[in-house]
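Since the structure comes first, as structure tokens, the remarks are kept for the end.
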Amino acid sequence: MERLKPNKTAALRAAFPVTVPVMTGYLCLGMAFGVLMKTNGYGALWSGLMSLLCFAGSMQFVTITLLTAVFDPLQAFLLSVMVNARHIFYGLAVLDKYKGLGKARGFLIFALTDESFSLVSSVEPPAGVERKDFYFWLSLLNYLYWVGGSVLGGLAGSLITFDTTGMDFALTALFVVLFIEQLKKKENRAAGLAGAACAAAALAVFGADNLVIPAMVLILLTLLGGRKKQWF
């Protein structure tokens, strides 16, 4: 096996410590996903394949429900759009950071999750480390954590005997933690609180089942308006 070049090794060493918090979350959440897949009749192979090809944590939990109910293509499409609509904003936010990264850009786009976006948007590569290599390793490590956790959960699922109801709430809990971490930085507070206010308004008007798309539209309009007035 060809050894990594020194600059690649430096990028890996720089990226790994940054991803440790994501590793702890992804391994636990991935295992929860794998266990839920197993308890619903799908083994470790299926949970591993879904994580490899889909890599969309929240949507993967939703997919379990779709797999165990009468299949409705339109419902599946609308759910996918609503659950993953936030990635439109992630993509727009990292256009400059991912510009000119060559072949690595395709994988970086595929691997852009909530947690990876949080790291990419707040952490800069250290001196002497190429931006492309740093972001590549950061994204690849997060990807491997999730896939590994999914497979481990699928393998351990046959040993789980307790009621697994509510395990999917672990993903919601992770989002709450990420939001709190963002609020710790003074420069992120205005945008974070504005986003929370938009979500609350959408919930009040449209209800819990239909709030995602309206909330995203409100957030987009708020951020665009705030950017013009230099609030964010």
Side-chain angles (χ1 to χ4, degrees), residues 4 8-39 42-44 46-64 83-84 86-87 90 93-94 97 107-108 110-126 129 133-185 188 192 195-196:
L4 292 174
K8 306 290 185 183
T9 304
L12 174 58
R13 288 199 303 266
F16 175 71
V18 176
T19 66
V20 168
V22 177
M23 176 181 68
T24 57
Y26 269 14
L27 287 177
C28 293
L29 287 169
M31 290 184 69
F33 168 71
V35 168
L36 288 173
M37 284 284 285
K38 179 63 178 179
T39 56
Y42 297 90
W46 291 108
S47 56
L49 278 175
M50 187 184 295
S51 293
L52 277 169
L53 301 176
C54 182
F55 192 45
S58 52
M59 190 58 209
Q60 287 182 230
F61 279 94
V62 174
T63 301
I64 297 175
V83 170
N84 293 308
R86 65 190 186 279
H87 288 273
Y90 295 166
V94 297
K97 291 208 172 199
F107 174 74
L108 293 175
F110 165 75
L112 188 61
T113 61
D114 303 281
E115 295 73 25
S116 294
F117 171 76
S118 181
L119 295 179
V120 168
S121 62
S122 59
V123 179
E124 293 293 333
V129 174
D133 297 332
F134 180 74
Y135 291 146
F136 172 78
W137 281 113
L138 187 152
S139 301
L140 179 61
L141 288 170
N142 289 344
Y143 178 61
L144 294 176
Y145 300 151
W146 179 259
V147 174
S150 301
V151 173
L152 288 174
L155 293 173
S158 58
L159 305 177
I160 303 297
T161 57
F162 61 85
D163 186 2
T164 58
T165 303
M167 283 187 67
D168 51 349
F169 184 76
L171 195 66
T172 304
L174 179 60
F175 288 155
V176 173
V177 172
L178 289 171
F179 177 67
I180 293 172
E181 287 296 318
Q182 288 293 314
L183 290 182
K184 288 182 178 179
K185 290 189 175 183
N188 293 337

Review point. Just one of Leu119, Asp133, Val22, Leu12 clears the side chain to side chain contact (heavy atoms under 4.5 Å, CB included) bar with Leu138, so which one?
Key: Leu119

Revision key, fill the gap. The reported gap from OH in Tyr26 to OG in Ser150 (rounded to nearest 0.5 angstrom) is 10.5 Å

Check your understanding: Which atom pair, heavy atoms only, marks the closest approach of Val129 to Ala10?
Key -> CG2-O, 4.1 Å

Point to revise | Nearest-0.5 Å distance, CE of residue Met37 to CZ of residue Phe61 | key: 10.5 Å

Practice item. Start with the C-alpha gap between Trp137 and Thr19, add the side-chain angles, then the distance that decides, and say whether side-chain contact (heavy atoms from CB on, under 4.5 Å) holds. Key: CA-CA 9 Å; Trp137 281 113; Thr19 66; over 6 Å; no

Check your understanding: Are Trp146 and Glu115 close enough that a side-chain donor and a side-chain acceptor fall under 3.5 Å?
Key -> no

Exercise for review: Kindly compute the distance separating NZ (Lys38) from CD1 (Ile64), expressed to the nearest 0.5 Å.
Suggested key: 13.5 Å

Practice item. Start with the C-alpha gap between Tyr135 and Val94, add the side-chain angles, then the distance that decides, and say whether side-chain contact (heavy atoms from CB on, under 4.5 Å) holds. Key: CA-CA 11 Å; Tyr135 291 146; Val94 297; over 6 Å; no

**Study point:** Spatial distance of atom OG1 (Thr63) from atom CZ (Phe33) [nearest 0.5 Å]
**Key:** 7.0 Å

Check your understanding: CG/Asn142 to CG/Leu112 distance, rounded to the nearest 0.5 angstrom?
Key -> 10.5 Å

Check your understanding: With sequence neighbours left out, what residues match Phe107 under ring pair (Phe, Tyr, Trp, His ring centres under 6.0 Å)?
Key -> Phe136, Tyr143

Check your understanding: If you take all heavy atoms of Phe134 and Val123, which pair is closest and at what distance?
Key -> CZ-CG1, 3.8 Å

**Study point:** Counterpart residues, ring pair (Phe, Tyr, Trp, His ring centres under 6.0 Å), relative to Tyr90 (two or more places apart)
**Key:** His87, Phe117

Check your understanding: Is it true that a side-chain atom of Ser51 and a backbone atom of Ser47 form a donor plus acceptor pair closer than 3.5 Å?
Key -> yes

Point to revise | Check: Met50 and Met59 side chains under 4.5 Å, non-hydrogen atoms | key: no

**Study point:** Gap separating the SG atom of Cys28 from the CG atom of Leu152, nearest 0.5 angstrom
**Key:** 11.0 Å

